[in-house]
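Everything quoted here is computed from the prediction, not taken from an experiment. Lettering of chains follows the sequences in order, A, B, ..., and the numbering in each one begins at 1.
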Amino acid sequence: MKVRTRFAPSPTGLLHIGGARTALFSWLYARKTQGEFILRIEDTDLERSTQASIDAILEAMDWLDLQYDEGPYYQTKRFDRYREIIQQLLDSGHAYKCYCSKEELDALREEQMARKEKPRYDGRWRDSTATPPEGVQPAIRFKNPVDGVVEFDDLVRGKITIANSELDDLIIARSDGVPTYNLSVVVDDIDMQVTHVIRGDDHINNTPRQINIMRALGAEIPKFAHVPMILGSDGQRLSKRHGAVGVMQYRDEGYLPEALLNYLVRLGWSHGDQEVFSRDELVQLFEIEDINRAPSSFSPDKLLWLNQHYIKTLPAERIAEELTWHLEQQKLDVSQGAAITEVIEAQRERAKTLVELVASSRYFYEPVTSYDEAGMKKQVTTDTPRYLAAVAEQLAQLSTWDEVNIHQAIQTSCEQLQVKLGKVGPALRLATTGGTSSPSLEVTLKLLGQSVTLERIQKFITYVENIA
RNA sequence: GUCCCUAUCAUCUAGUGGCCUAGGAUAUCGCCCUUUCACGGCGAGUACCGGGGUUCGAAUCCCCGUAGGGACGCCA
């Protein structure tokens with residue numbers, strides 16, 4: 001049978017990294033087995049679901065390049081189907097109407113809590129023959145088996161057993177007729193022929209209920225894989241106060257999807273000692289059985305390291321692609337001057353994020369308007385103008401503006417001036433970039449171009465002479 | 001409170017009874033490379049939650065604690 005997995009977020013917020021990881025695992029497993037990956041939007045909570053959230057989720061899936069083979073399906077478009085199943089359950093005696101009011105239920109829950117019992121519905125309408133109260137629209141509850149246990153073999157946790165006595169009769173349709181989560185998931189997973197339900201382990205407790213409903217419907221039970229949650233660096237549930245939780249926030253902060261995905265997959269999954277995985281490798285190597293059972297803490301440091309790794313190693317064209325958005329954001333026009341791919345090659349070893357990469361590359365495209373103060377103090381002396389003038393003279397003579405010649409010209413100047421490069425290099429860097437950090441001088445100057453380089457040196461000499 | 005789940009360096013993890021005086025990665029620190037900033041190279045410290053078993057032998061199996069997480073909605 002063909003493997004079919006699904007990712008089923010509810011559109012009540014951003015796609016957070018926990019969800020992204022679950023989606024990744026589902027996607028990987030489908031790809032690995034040459035199965036199908038389905039996207040389903042679980043929007044039965046009419047109050048909290050928003051179009052903005054749907055858009056955000058789709059955008060994030062797209063940015064991460066987790067392509068789905070089917071969907072997105074929307075549960076709100078399948079209400080007729082759910083009602084059909086609810087009716088079927090009612091007719092077969094697997095469900096019943098419950099006329100309890102919210103207040104009544106709240107009171108019941110409080111009583112039970114006070115008695116230190118697990119709060120649950122007591123089944124008061126389950127076999128009731130009492131006449132329903134006037135004018136009350138009933139909710140519909142599933143008649144959960146009273147005896148026995150539900151057992152399932154979780155692909156990551158192993159055997160999980162829960163006694164039916166722990167489960168109560170859950171509501172499958174609200175009094176306004178809208179089906180609830182536990183019903184719609186079950187119907188969808190059956191209808192969409194999902195074979196492997198890969199989801200967060202906050203759903204472990206829902207699983208036995210869902211299995212019971214599936215059985216009542218005579219459906220085949222899919223396999224389940226519950227992946228542990230992602231915790232913040234303090235071991236608490238990941239939330240906004242731990243920093244970014246939304247996938248797109250990472251794009252905004254200059255991360256590559258390659259890095260985020262690689263980081264996420266290693267959070268709770270491993271393949272020996274390997275840390276870096278290409279997409280193809282992942283598809284090949286991924287096994288649900290290798291997913292860890294324990295929750296893991298999110299480590300921004302390691303993500304940053306991976307991001308830098310990918311900035312360093314991905315083809316410059318690929319970086320450039322992802323950089324376009326950041327250039328627009330940071331309003332840096334790169335249409336004139338050095339090719340962006342060349343700047344990427346020159347700068348990639350000193351940027352941990354794309355945001356940094358753009359910020360530290362401005363001088364390649366914009367005039368230098370100020371000079372780093374500490375650098376000026378440390379590197380500039382009264383001799384500096386004279387030194388730089390000599391270098392400029394050498395540079396001006398070059399007919400071929402390449403790294404070898406530039407390097408040679410600088411060397412020659414130093415020899416003639418009888419000074420060490422340390423006296424000239426930093427000042428030259430200050431003059432041409434405004435700062436104290438850049439690629440090697442020959443690369444920097446080469447990318448700047450001969451005329452820009454000479455202009456900047458001249459301007460700097462004037463500047464230094466004026467403040468002296 | 002009740003139920004479910006989990007437990008190796010600060011963090012992510014390897015480890016499926018002898019290969020473990022516990023390996024890798026990130027972070028930290030030191031040294032080297034170096035025209036800056038970086039990159040890179042080399043090295044250091046740091047862990048099997050506690051207690052009982054089982055076994056010739058336990059990080060690995062069992063039990064009990066402890067700690068953490070999750071669930072207990074007419075949310076998903």
(message) Strictly by Watson-Crick or wobble contacts shorter than 3.5 Å, is anything paired with C9(B), and which nucleotide is it?
(response) none
(request) In whole angstrom, give the distance that lies between atom CG of L231(A) and atom P of A7(B). (result) 14 Å
(message) My understanding is that a pair needs two contacts under 3.5 Å, Watson-Crick or G-U wobble. By that rule, which nucleotide pairs with A14(B)?
(response) none
(request) Side-chain contact test, heavy atoms from C-beta onward, threshold under 4.5 Å: evaluate it for P9(A) versus I41(A) and give yes or no. (result) yes
(message) Between Q416(A) (side chain only) and S413(A) (backbone N and O only), is there a donor and an acceptor less than 3.5 Å apart?
(response) no
(request) May I have the distance from L167(A) (atom CG) to C72(B) (atom P), rounded to whole angstrom? (result) 12 Å
(request) For the pair E356(A) and R350(A), find out whether any cationic side-chain nitrogen is under 4.0 Å from an anionic carboxylate oxygen. (result) no
(request) Round to a whole Å and report the spacing from OH of Y121(A) to C1' of U2(B). (result) 20 Å
(message) Is it the case that G23(B) (base atoms only) and D273(A) (side chain only) share a donor and an acceptor within less than 3.5 Å, ignoring hydrogens and angles?
(response) yes
(request) Figure out the CZ/C1' separation between R109(A) and C72(B), and round it to whole Å. (result) 9 Å
(message) Base contacts versus sugar-phosphate-only contacts with protein, heavy atoms under 4.0 Å: please encode nucleotides 30-42 of chain B as B, S and - from 5' to 3'.
(response) -----BBBBSS--
(message) Is the distance from the ring center of F25(A) to that of H196(A) below 6.0 Å?
(response) no
(request) Answer with yes or no whether E275(A) presents, from its side chain, a donor or acceptor under 3.5 Å of a partner atom in the base of G24(B). (result) yes
(message) Measure CZ/F224(A) against P/C4(B) and give the value in whole Å, please.
(response) 18 Å
(request) Classify the side chain of R48(A) versus the base of C75(B) as yes if they form a donor-acceptor pair under 3.5 Å and no if they do not. (result) yes
(request) By nearest nucleotide on RNA chain B, pick out whichever of V156(A) and S296(A) is the more 5' one. (result) V156(A)
(request) Mind calculating the distance between CD1 (I54(A)) and P (A76(B)) to the nearest angstrom? (result) 14 Å
(message) Quick check on RNA chain B: between N206(A) and I162(A), whose nearest nucleotide comes earlier from the 5' end?
(response) I162(A)
(message) Both distances below 3.5 Å, Watson-Crick or wobble geometry, any strand: find the nucleotide opposite U55(B).
(response) none
(request) Searching all strands shown, indicate the nucleotide that pairs with C42(B) (Watson-Crick or G-U wobble; both distances under 3.5 Å). (result) G30(B)
(message) I need the CG-P distance between D188(A) and A76(B), as an integer number of Å.
(response) 12 Å
(request) Determine the contact category for G375(A): base if any of its heavy atoms lies under 4.0 Å from a base atom, sugar-phosphate if only primed atoms, P, OP1 or OP2 are that close, otherwise nothing. (result) nothing
(message) For T436(A) and D372(A), which I'm curious about, is there any donor-acceptor pair between the side chains at under 3.5 Å?
(response) no
(request) Tell me what C98(A) touches on the nucleic acid: a base, only sugar-phosphate, or nothing, going by heavy atoms under 4.0 Å. (result) nothing
(message) Any carboxylate oxygen within less than 4.0 angstrom of a Lys/Arg side-chain nitrogen, looking at D169(A) and K143(A)?
(response) no
(request) Quickly work out the N307(A) CG to U26(B) P distance and round it to whole Å. (result) 15 Å
(request) Could you check which nucleotide pairs with G1(B) in any of the strands shown, counting Watson-Crick or G-U wobble with both distances under 3.5 Å? (result) C72(B)
(request) Nearest 0.5 Å please: distance from the CG atom of L267(A) over to the CG atom of N292(A). (result) 9.5 Å
(request) Select base, sugar-phosphate, or nothing to describe what H226(A) touches, counting heavy atoms under 4.0 Å on all strands. (result) nothing
(message) If the test is side chain to side chain contact (heavy atoms under 4.5 Å, CB included), which one of I172(A), L183(A), I171(A) qualifies with I140(A)?
(response) I172(A)
